[in-house]
**Q** 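Here's a structure for you.
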There are 2 protein chains.
Amino acid sequence: MVDRPSFWLDEGSIQLLDQRVLPLNTFIITAETIPEQVEAISTLAVRGAPAIGTFGALSLALSINRGEDEKAAYQQLHGSRPTAVDLSNCLNIVMGVYRSDGDEACLEAALGLMEDTIRSCRKIGEHGRYLIGNNSRIMTHCNAGALATLDWGTALSPIRVRAREGGSPFVWVSETRPLLQGSRLTAWELLNEGIDHRIVVDGSAGHLMSKDEVDLVIVGSDRVAANGDIANKIGTLEKAVLAREFGIPFYVAFPKTTIDPECPSGDRIPIEVRSDLEITSIHGSRIAPEGSGAYGPAFDVTPSGYITGYITEDGVLSKDELVSSIKK
Amino acid sequence: MVDRPSFWLDEGSIQLLDQRVLPLNTFIITAETIPEQVEAISTLAVRGAPAIGTFGALSLALSINRGEDEKAAYQQLHGSRPTAVDLSNCLNIVMGVYRSDGDEACLEAALGLMEDTIRSCRKIGEHGRYLIGNNSRIMTHCNAGALATLDWGTALSPIRVRAREGGSPFVWVSETRPLLQGSRLTAWELLNEGIDHRIVVDGSAGHLMSKDEVDLVIVGSDRVAANGDIANKIGTLEKAVLAREFGIPFYVAFPKTTIDPECPSGDRIPIEVRSDLEITSIHGSRIAPEGSGAYGPAFDVTPSGYITGYITEDGVLSKDELVSSIKK
């Protein structure tokens, strides 16, 4: 059962909650063609590594069902965002099924991936909940919740599970400039679930950690390299460095679809650079002077040395456990 | 000569550039009464530690000239913002002159403080320029420019001096949420002076430093404790921790009016907490869900151990040199 779907299949097209306009507007939009689905991914109507992975898989399966050229659909979807490896991994799974079992098996495979993601995220919560005390104060960054997956979330799943068991976790929501996935999406999810939280600017993590206001940090990931380095939303590396400086555990939560066995280390992960306008304007109105440019890498890489543990569907793993579990 | 005044005396009232609406609008406003001047400070129409210090001094002197109760004026101005000590220091200087030399000497004292600040900032630039190579890439945070002082600035003064000598410094402008003094004000100053720069989100400092894109960090300060700890805009501590982690020098620039000899260490500096609305809305439009709260400390404290050097009107000082120069 899916309580909080970020998208779903509806008679040959995909319905999705438009994450570009949350929380001010709750719009359900339809993406039926590959160009519409690519646009939904590249403009962040659907976002979060596991969500765009399964959304891509479903888009490809539907395209194959319509009898379209599967290679063209694959290429367009594959190029829609570069950093999250789940998209590539999930598209490859559907293509593999297509080659081995033909077009009729593809939709089932895509729906199976969606089910698997939900189950994995639930397990991430069940394993991760032991890291969270009754009144733990958890800092998170960006949105690694139900909206970023399909349900439960990755970083938010342990918090959700702990709260449902009667705990009272408190969440410091890092707002996550430029696109404010923290204050727009994570806060919205926590509010809907009655989990106590406060939004803070990204630059306040050091202050809060130095004042002993943070017990642990949990973030999601867009790609995990074979050596345990991870890529996640810009600003994650800072929180990892600060957490180590102030003696605070730093965890990364993700399902196996986020692992890239072909990527030897973090410095090989492609980092998407997005438009200046995401930084120099908000809600369409200009902030910065006309004539001043910006630089907008959307992700950064946190080396494994800063990471206390990896919360996966198989349990909370050390770096060595994670690395040895990755099949090259 | 003042090239870039943030405020000036005009026939018994103060004219100021309204920093709340820059860079989209360049409005000159008038603050004539103590309530108007207090509002200008507390709403950040005038801001920056040295600027609000001298603005407060001028406001108090004008009030005394009008024959108003000097103690009431002092109290109201003194309470308008808590963290920057320049305000308190400059008000105390005018009150001292009033007690020793009477009301007629006060305006001259306030104008003298303004002259001193401009001279000190210029000297900060002349000393600090030796830290900046021909093509140095400097990261700064918030606005510690002419707008925050009266001319030249503190952190920006060495960059300005180096550029005028024919150097080509490049500045990474940290946007500085929540009020965006970086993207609104620092970018505007640099653009006006033709100094190359790019705006980045606050969370990107770690990424840029880890990629060897930053040669040094220079920030201003709102209060320097007697042990060399400093308070500055929220987000400064993070840049200091990251700079040390990645082997990058971290400098703090300020005139002597920013030193608080009575404050033994950073943990005794009062940290202003501002309204939730500064975080949950931008340009008057809501970002976060209704019902989600925020927490908005406006400053943080950077312990002296993270600071490479202090750029003052007396030269670039080590911690020991700074501490021994502070008269208790």
Side-chain angles (χ1 to χ4, degrees), chain A residues 22-24 141 172-178 180 183-184 187-188 190-192 197-208 210-211 233-242 244-246 271 276 279-280 282-283 285-297 299-303, chain B residues 22-24 141 172-178 180 183-184 187-188 190-192 197-208 210 233-242 244-246 271 276 278-280 282-283 285-297 299-303:
Chain A
L22 279 175
L24 301 183
H141 188 57
W172 290 114
V173 177
S174 187
E175 65 172 6
T176 316
R177 282 279 293 150
L180 300 163
S183 51
R184 292 194 302 110
W188 184 77
L190 295 172
L191 191 70
N192 290 346
H197 64 281
R198 294 263 205 123
I199 301 163
V200 290
V201 297
D202 300 323
S204 65
H207 177 68
L208 293 170
S210 74
K211 294 286 180 191
K233 181 59 52 195
I234 189 82
T236 300
L237 170 61
E238 303 204 7
K239 288 183 172 51
V241 170
L242 291 160
R244 198 179 67 176
E245 181 75 8
F246 295 108
I271 299 295
D276 277 26
I279 297 174
T280 54
I282 291 185
H283 284 193
S285 82
R286 186 91 190 169
I287 298 163
E290 296 288 348
S292 285
Y295 176 58
F299 302 93
D300 59 26
V301 170
T302 300
Chain B
L22 278 176
L24 302 182
H141 188 57
W172 290 113
V173 177
S174 186
E175 64 172 6
T176 316
R177 281 280 293 154
L180 299 165
S183 50
R184 293 195 302 110
W188 184 77
L190 295 172
L191 191 69
N192 290 346
H197 64 282
R198 292 265 205 125
I199 300 165
V200 291
V201 297
D202 300 323
S204 65
H207 177 70
L208 293 170
S210 75
K233 182 58 53 193
I234 190 80
T236 300
L237 170 61
E238 303 203 6
K239 288 182 173 52
V241 170
L242 291 160
R244 199 179 65 177
E245 182 73 7
F246 294 107
I271 299 294
D276 277 26
E278 292 185 353
I279 296 174
T280 54
I282 292 186
H283 284 193
S285 81
R286 186 90 188 171
I287 299 164
E290 296 288 348
S292 285
Y295 176 58
F299 301 93
D300 60 25
V301 169
T302 300

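Numbers restart at 1 for each chain; the letters A, B, ... are given by sequence-line order, proteins then strands. Note that this is a predicted model, so its numbers are computed, not measured.
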**Q** Less than 4.5 Å apart, side chain to side chain, heavy atoms only: is that true for V201(B) and D202(A)?
**A**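 V201(B) vs D202(A): side chains apart.
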**Q** Taking all non-hydrogen atoms of both residues into account, name the closest pair between I199(B) and A288(A) and its distance.
**A**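 Looking at all heavy atoms of both residues, the shortest contact is CD1-CB, 3.4 Å.
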**Q** First locate atom CG of L24(B), then atom CZ of R286(A), and finally report the distance between them rounded to the nearest 0.5 Å.
**A** 9.0 Å
**Q** Can you tell which of V173(B), D300(B), T302(B) has the highest number of heavy-atom pairs within less than 4.5 Å of chain A?
**A**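 Greatest number of close heavy-atom pairs with chain A: D300(B).
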**Q** Please report the interatomic distance CD1(I282(A)) to CZ(R177(B)), rounded to the nearest 0.5 Å.
**A**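 It is 5.5 Å, given to the nearest 0.5 Å.
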**Q** Go through the atoms of I279(A) and report whether side chain, backbone, both or neither lie under 4.5 Å from a heavy atom of chain B.
**A** both
**Q** Can you name the side chain to side chain contact (heavy atoms under 4.5 Å, CB included) partners of L191(A), sequence neighbours left out?
**A**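 Partners of L191(A) by the side chain to side chain contact (heavy atoms under 4.5 Å, CB included) criterion, ordered by chain and then number, come out as H197(A), P289(B), S292(B).
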**Q** Report the option among T176(B), L242(B), V200(B) that has the most heavy-atom pairs separated by less than 4.5 Å from atoms of chain A.
**A**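 Heavy-atom pairs under 4.5 Å are most numerous for L242(B).
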**Q** Pick one of side chain, backbone, both or neither for E278(B), based on which atoms fall under 4.5 Å of a heavy atom in chain A.
**A** neither
**Q** Which atom pair, heavy atoms only, marks the closest approach of Y295(A) to R198(B)?
**A** CB-NH1, 3.6 Å
**Q** Does any heavy atom of chain B fall under 4.5 Å from the side chain of I287(A), the backbone, both, or neither of them?
**A** both
**Q** Measure S210(A) against the heavy atoms of chain B and call it side chain, backbone, both or neither at under 4.5 Å.
**A**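 Just its side chain gets close to chain B.
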**Q** Please check: side-chain N/O of E238(A) versus main-chain N/O of A205(B), any donor-acceptor pairing under 3.5 Å?
**A** yes
**Q** Is L208(A) in contact with chain B via its backbone, its side chain, both, or neither, using a 4.5 Å heavy-atom distance?
**A**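 The answer is the side chain of L208(A).
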**Q** Tell me, for P297(A) versus chain B, whether the close heavy atoms (under 4.5 Å) come from the side chain, the backbone, both or neither.
**A** side chain
